[in-house]
Amino acid sequence: MGEQEHQEGWGFETRAIHAGQPADPASGAVVTPITLSTTFAQDGVGGHRGFEYSRSGNPTRAALEACVASLEGAAHGLAFASGLAAEDNVLRLLDRGQRVVLGNDAYGGTYRLIAKVHAPTGVEWSAADLTDVDALAGDWPVGTAMVWLETPTNPLLTCLDIEAIAAVAHERGALVVVDNTFATPYLQQPLRHGADIVVHSATKYLGGHSDVVGGFLAVDDDELAERLRYTQNAAGAVPAPFDCYLVLRGVKTLAVRMDRHCANARAVVDLLVAHPAVDRVLYPQLPDHPGHAAAARQMRDFGGMVSFTLRGGEEAALRVVGATELFTLAESLGAVESLIEHPGQMTHASAVGSPLEVPANLVRLSVGIESSADLVADLEQALTHA
Ligand SMILES: Cc1ncc(COP(=O)(O)O)c(C=O)c1O
């Protein structure tokens, strides 16, 4: 049986460890070597062995691309130097006058890239409430060529129905891009629900240890993959081989980490829903959470991100984020250690004054994989400052 046939029959955890990573044929090394060489010897002009120049293709990157593509159930994977570099590569598919519709609750950096970098070049954009698919269909913005969504969203964790949005978009000839950073392919595989392109900030759960910045695209369609790969090489925002190795290493434990992230998030949610200082808890498993039904259909579990608002307003939120001892006050998410932040003044500051502005009394948690009792105790003491 060839490697490809093996991979199709393998379970998620097996593919995370083995897909695209056979023992090195030259040495037998079990771990994919970090190939630093920028150029590759050719047997004759045009007679290369799969690699010519490391911007165009590199063996360590190829292993990562094959592995994460397999986890997303995609025919093609493309790795980038950051999540935003991957997003930029996708947005370059749009011509002047074409429109991207962005969910009105999305990562501030995505909003900034679209509104401040691509819009000035002539790309049209608008924000939409993608929880209301009928409204999207009824009021389809002129010229829309792409619908861009996150599910769960950052930072409100709203879940969107990928299948329903894809049906509306495809009927009107638009591509659907899903940022799967929060869910990861372990919890949700958007291509199976009709998405055309999956985007990742590999900096988050894929890397999983807060020690590498990276991005990823997963695509099934050959022609679309060809266009994206052309720009990947032509614009050149590719990751270093060492960074590819770090993401590959992170991905090997993705399933076990995600199981623990989800279990710890549940323990934290139990504390928060019962706490008098807390106004609202945002977590996709809660039955009244926006998009809970879609999340229950699309996702294996509900993830490691938890957001909440405080009755005491922004001042209380700022006091709480400053009072934790185990949760580190920091941007980013998705790694083994727990983080806390104030989206309004930190990760989403670039969205102030835009349709994507977030509530000032909001706190976001990236629940790590420490002992859950320690995490709950830390939040309990921090909330006494609310
Ligand atoms: C949902 C989401 N998408 C994309 C990005 C951008 O990724 P990167 O920081 O790796 O460029 C982030 C970063 O926080 C994110 O949270």
Side-chain angles (χ1 to χ4, degrees), residues 64 68 72 78-92 100 102-118 127 130 146 148-160 162 177-185 187-188 190 195 197-218 232 235 237-240 243-244 246-247 250-251 258 261 282 284 291 295 299 303-307 328-335 339-351 356 358 362 364-367:
L64 173 64
V68 178
E72 284 288 359
L78 297 90
F80 291 86
S82 69
L84 282 173
E87 296 189 12
D88 182 59
N89 214 75
V90 172
L91 290 163
R92 286 167 191 258
V100 53
L102 175 65
N104 64 1
D105 168 21
Y107 171 55
T110 302
Y111 152 75
R112 185 177 55 197
L113 177 64
I114 292 174
K116 311 286 183 197
V117 178
H118 283 269
L130 297 177
M146 187 178 280
W148 190 296
L149 58 124
E150 293 172 16
T151 179
T153 59
N154 180 5
L156 299 179
L157 304 173
T158 301
C159 294
L160 300 170
I162 301 170
V177 180
V178 176
D179 185 329
N180 204 27
T181 299
F182 273 36
T184 83
L187 300 183
Q188 170 178 278
I197 302 174
V198 173
V199 174
H200 279 283
S201 168
T203 316
K204 311 300 177 340
Y205 290 104
L206 295 182
H209 296 75
S210 296
D211 53 10
V212 59
V213 172
F216 202 86
L217 299 178
Q232 181 196 37
V238 293
D243 291 356
C244 294
L246 283 174
V247 178
V251 161
M258 289 315 293
H261 281 298
L282 302 165
M299 297 177 75
M305 299 299 297
V306 179
S307 295
T328 302
L329 176 62
E331 303 204 358
S332 201
L333 60 112
L339 303 178
I340 189 166
E341 69 126 357
H342 181 265
Q345 290 192 26
M346 294 172 68
T347 49
H348 290 66
S350 61
L356 284 83
V358 298
L362 185 74
R364 189 189 77 179
L365 303 174
S366 173
V367 181

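Indexing begins at 1, ligand by ligand and atom by atom, following the structure's order. In what follows, residues are counted from 1 in the order of the sequence shown.
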> If only atom types and distance count, is the side chain of Gln232 paired as donor or acceptor with the main-chain N or O of Ala237 below 3.5 Å?
Replying inline: no
>> Looking only at distances, can you tell me whether any N or O atom of Gly83, backbone or side chain, sits closer than 3.5 Å to an N or O atom of ligand 1?
In response: yes
> Is Thr153 reaching over with its side chain to a backbone N or O of Thr158, donor-acceptor style, under 3.5 angstrom?
Replying inline: yes
> So is there a nitrogen or oxygen of Phe182 less than 3.5 Å from a nitrogen or oxygen in ligand 1?
Replying inline: no
> Can you tell me the protein heavy atom closest to atom 2 (C) of ligand 1 and the distance?
Replying inline: Asp179 OD2, 3.4 Å
>> When you compare the side chain of Leu356 with that of Leu102, does any pair of heavy atoms fall below 4.5 Å?
In response: yes
>> To check your reading of the model: name the closest protein heavy atom to atom 16 (O) of ligand 1, its residue, and the distance in Å.
In response: Asn154 ND2, 3.0 Å
>> Out of all atoms in ligand 1, which are within 4.0 Å of some heavy atom of Gly214? Include the element for each.
In response: 10 (O)
>> So Val177 and Val199, do their side chains get closer than 4.5 Å, heavy atoms only?
In response: yes
>> How far is atom 4 (C) of ligand 1 from the closest protein heavy atom, and which atom is that?
In response: Glu87 OE2, 3.2 Å
> How far is atom 6 (C) of ligand 1 from its nearest protein heavy atom, and which residue and atom is that?
Replying inline: Tyr107 CE2, 3.5 Å
> Looking only at protein heavy atoms, which one is nearest to atom 11 (O) of ligand 1, and how far off is it?
Replying inline: Leu84 N, 2.9 Å
> Tell me, which protein residue and heavy-atom name are nearest atom 10 (O) of ligand 1, and how many Å apart are they?
Replying inline: Thr203 OG1, 2.6 Å
> Quick one: does Lys204 get a heavy atom under 4.0 Å from ligand 1?
Replying inline: yes
> Taking the side chain as C-beta and beyond, is there a heavy-atom pair between Met258 and Leu187 under 4.5 Å?
Replying inline: yes
> Side-chain contact, heavy-atom cut-off 4.5 Å: Met305 with Leu333?
Replying inline: yes
> Less than 4.5 Å apart, any side-chain heavy atom of Met346 and any of Leu329?
Replying inline: yes
> So, does Ala86 sit close enough to ligand 1 that a heavy atom of it is under 4.0 Å from the ligand?
Replying inline: no
> Judged by non-hydrogen atoms, does His200 sit under 4.0 Å from ligand 1?
Replying inline: no
> Between Thr110 and ligand 1, does any nitrogen or oxygen pair lie at a separation below 3.5 Å?
Replying inline: no
> Is the centre of the Tyr205 ring less than 6.0 Å from the centre of the His200 ring?
Replying inline: no
> Is a side-chain donor or acceptor of His118 paired with a backbone partner of Lys116 at a separation under 3.5 angstrom?
Replying inline: no
